[in-house]
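Here the structure comes first, spelled out in structure tokens, and everything after it is commentary.
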Amino acid sequence: MTYTSSLLRLLDERGYLHQLTDAEGLDALAAKQVVPGYIGFDATAPSLHVGSLVQIMLLRRLQQTGHKPVVVMGGGTTRIGDPTGRDESRKMLSDEAIEANIASIRTIFERFLTFGDGPTDAVMVNNHDWLGKLGYIELLQQVGTHFTINRMLSFDSVKLRLEREQPMTFLEFNYMILQGYDFRHLARAMGVRLQMGGSDQWGNIVNGIELTRRMDGQEVYGVTTPLLTTADGAKMGKTAAGAVWLNDDALPAYDFWQYWRNADDRDVGKFLRLFTDLPLDEIARLEALQGSEINAAKIVLANEVTRLCRGDEAARAAEATASATFAGGGVGQDLPEFDLPAEGIGLVEALVGIGFAASRGEAKRLIAGGGARIDGEGIADEGFHIPGGTEVRISAGKKKHGVLRPVSAG
RNA sequence: GGACAGGUGGCCGAGUGGUUAAAGGCAGCAGACUGUAAAUCUGCCCGCGCAAGCGUACGCUAGUUCGAAUCUAGCCCUGUCCA
């Protein structure tokens, strides 16, 4: 359908829409007033990773089209654990750890959203603030009456766990109730009218909408984004080295940049639309590049996303390093480094030391497989000794490069 | 509380006394081909050791045995049904 509100038009054009609870209703609302909308985020780690980037961008789009983003940190729900998509119960985190995680995650949002007191300024709230105050009896009476066990059991998050014969505790079973309560609370306390989230959150969002309607008679809306996978079917944001974290201190900017630079050809257009602010006609042009020319588009993608998430400087440095490293065969600023002692170092030790191999055995296998290089030169001898004195470039495979830098005398 | 089924390497999943560091698949790493892409093919994929080898590992503990992931006992955990 064609939307009249700039919000839904933008979301539609750029590929954010999967399901809407009431497309016309929301479209009409967004066309005539500022819609405060929220997305909930976990506080289980000190950083979010690329898997959450769609949701973050969604809040950014909300603000770009004149609405108010509300970031809900799951300080309360993290204490329970979302059973969605999980076989195993989540570990409990201490209160201090959760608070620290929230503070760290906030720094990411500050890059994507403008916070403040204005009507369309972003705010961040913590659902522990209201969930923590709820008494058990109060919760059962007010909220519990609106949920039937029959319905709760029919939710995928519950059903899958039962089908796979994995345990689900009563604690986790309550997650959806508290999640739903969040929406109702926010609608009441802050006039929030929209919740967004990944497609796996559909059930939770619908619960919140119904609860809000039943308790307060207030009409609220829900939007979900498609489940994002890379073209080869993997979940976004996971690499060999682990999750692609958004926070500076969790993943170096160069590695972050490389993640995007190595995107699958087929994903380039989609990623540009979702994760950058580039205009659509520009994206269409980049996306249409054929053969190896698409690499230019990947560089634009890497630059733009890194710029948003890590800042202009980080993006430029990462690109410079990449171009020096790959095109020039030299070394760039941002590469990982390891000390090169004056007397030199064994190749195996260097590979382990710089983090390219997890164990000596792995380093040896890498060498035996022909994947180790010094200054671009393949080294097949696992007893190879790297002489000290001059800086050398060490590589594991074609993509992982680092620098062995002589330790300054004294 | 009772009956039954089950707990194997990152995941899935074979394996019922030695030849099992444990089949196979997925994921991952490297090589070839390329474009720092995909697909394909090849090799690798617990740790230490140049190596012979050593150490650790099949829920936990104690046993039986020359020898156990495999047998026994107790315990812990999970599921299903019953109370």
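Just so it is clear: chains get the letters A, B, ... in the order the sequence lines come, proteins before strands, and each one is counted from 1.
Base pairing analysis places B/rA38 opposite nothing; no Watson-Crick or G-U wobble pair with both distances below 3.5 Å involves it. Using the Watson-Crick or G-U wobble rule with both distances under 3.5 Å, B/rG17 pairs with nothing in any strand shown. Pairing for B/rC54 goes to B/rG47, judged as Watson-Crick or G-U wobble with the two contacts each under 3.5 Å. When both distances must be under 3.5 Å, the Watson-Crick or G-U wobble mate of B/rG67 does not exist. Searching all strands for a Watson-Crick or G-U wobble partner of B/rG1 with both distances below 3.5 Å returns B/rC82. Partner assigned to B/rG6 is B/rC77, using Watson-Crick or G-U wobble distances below 3.5 angstrom. With a cut-off of 3.5 Å on both pairing distances, the Watson-Crick or G-U wobble partner of B/rG24 is B/rC12.
Atom CG of A/D255 and atom C1' of B/rU36 are 13 Å apart (whole Å). Atom CG in A/D265 sits roughly 16 Å away from atom P in B/rU34 (whole-Å rounding). Rounded to an integer number of Å, the gap from A/L286 CG to B/rG35 C1' is 16 Å. Following rounding to the nearest Å, A/N295 (CG) and B/rA38 (P) show an atom-to-atom distance of 11 Å. Between the CZ atom of A/F170 and the C1' atom of B/rU78 there is a distance of 20 Å, given to the nearest Å. The distance between atom NE2 of A/H401 and atom P of B/rA30, rounded to the nearest whole Å, is 11 Å. Rounded to a whole Å, the CD atom of A/E293 is 18 Å from the C1' atom of B/rA38. A/W257 has its CH2 atom 9 Å from the C1' atom of B/rU36, to the nearest Å.
In this structure, A/M124 and A/R106 approach most closely via the heavy-atom pair CB-NH1, 3.5 Å. Here the shortest heavy-atom pairing between A/I283 and A/G269 reads CG2-O, 4.0 Å.
Note on A/A263: only backbone sugar-phosphate atoms sit closer than 4.0 angstrom, heavy atoms only; bases stay farther off. Using a 4.0 Å heavy-atom criterion, one finds that A/G383 contacts no nucleic acid atom at all.
Checking B/rG35, B/rU36, B/rA38 against the side-chain heavy atoms of A/Q258 singles out B/rU36 as nearest. Side chain of A/D264, nearest nucleotide from B/rA37, B/rG35, B/rU36: B/rA37. Each of B/rA38, B/rG35, B/rG31 was ranked by its minimum atom distance to the side chain of A/K298; first place goes to B/rG35. Each of B/rG35, B/rA38, B/rC29 was ranked by its minimum atom distance to the side chain of A/L366; first place goes to B/rC29. Taking every side-chain heavy atom of A/K400 into account, B/rC29 is the closest of B/rC29, B/rG35, B/rA32.
Using atom C1' as the reference point in both B/rA3 and B/rA21, the two lie 38 Å apart (nearest Å). Between the P atoms of B/rC58 and B/rC50, the separation comes to 27 Å (whole Å). For the P atoms, the distance linking B/rG24 with B/rC76 amounts to 37 Å, nearest Å. B/rU19 and B/rG13: their C1' atoms are spaced 23 Å apart (whole Å). As rounded to the nearest Å, B/rG47 and B/rA57 have P atoms that lie 15 Å from one another. Between B/rG63 and B/rA68, the two C1' atoms lie 12 Å apart (nearest whole Å). Taking atom C1' on both nucleotides, B/rA14 is separated from B/rC77 by 23 Å, rounded to a whole Å. Straight-line distance between the P atoms of B/rG7 and B/rC12: roughly 12 Å, to the nearest whole Å.
A salt bridge does not link A/R9 to A/E13: none of the charged nitrogens lies less than 4.0 Å from a carboxylate oxygen. With respect to A/E349 and A/R360, a salt bridge is recorded, a charged nitrogen being found less than 4.0 Å from a carboxylate O. Contact check on A/E319 versus A/R261 returns no salt bridge, with no Lys/Arg side-chain nitrogen under 4.0 Å from an Asp/Glu carboxylate oxygen. Checked for salt-bridge contact, A/R61 and A/D277 meet the test: a charged N lies under 4.0 Å from a carboxylate O.
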Give each protein N/O atom lying under 3.5 Å from an N/O atom of nucleotides 46-51 of chain B, with the pair distance.
{"unit_1": "B/rG47", "atom_1": "OP1", "unit_2": "A/S359", "atom_2": "OG", "d": "2.9"}
{"unit_1": "B/rG47", "atom_1": "OP2", "unit_2": "A/R365", "atom_2": "NH2", "d": "2.6"}
{"unit_1": "B/rC48", "atom_1": "OP1", "unit_2": "A/R360", "atom_2": "N", "d": "2.9"}
{"unit_1": "B/rC48", "atom_1": "OP2", "unit_2": "A/G361", "atom_2": "N", "d": "2.9"}
{"unit_1": "B/rG49", "atom_1": "OP1", "unit_2": "A/R360", "atom_2": "NE", "d": "2.5"}
{"unit_1": "B/rG49", "atom_1": "OP1", "unit_2": "A/R360", "atom_2": "NH2", "d": "3.3"}
{"unit_1": "B/rG49", "atom_1": "OP2", "unit_2": "A/R360", "atom_2": "NE", "d": "2.6"}
{"unit_1": "B/rC50", "atom_1": "OP2", "unit_2": "A/K364", "atom_2": "NZ", "d": "3.1"}

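Contact check, A/R373 against B/rG31: a side-chain N or O comes under 4.0 Å of OP1 or OP2.
Among residues two or more places apart in sequence or in another chain, the ring pair (Phe, Tyr, Trp, His ring centres under 6.0 Å) test is passed with A/H185 by A/W130. Looking at residues two or more places apart in sequence or on another chain, you find no salt bridge (Lys or Arg N to Asp or Glu O under 4.0 Å) involving A/E293.
In this structure, CZ on A/R310 lies 7.5 Å from CG on A/N247, to the nearest 0.5 angstrom.
Counted within 6.0 Å of CD on A/E391, heavy atoms from surrounding residues, nucleotides or ligands total more than 12; the atom is thus considered enclosed.
Of the residues near RNA chain B, A/K399 and A/G369, the one whose nearest nucleotide (by heavy atom distance) lies more toward the 5' end is A/G369.
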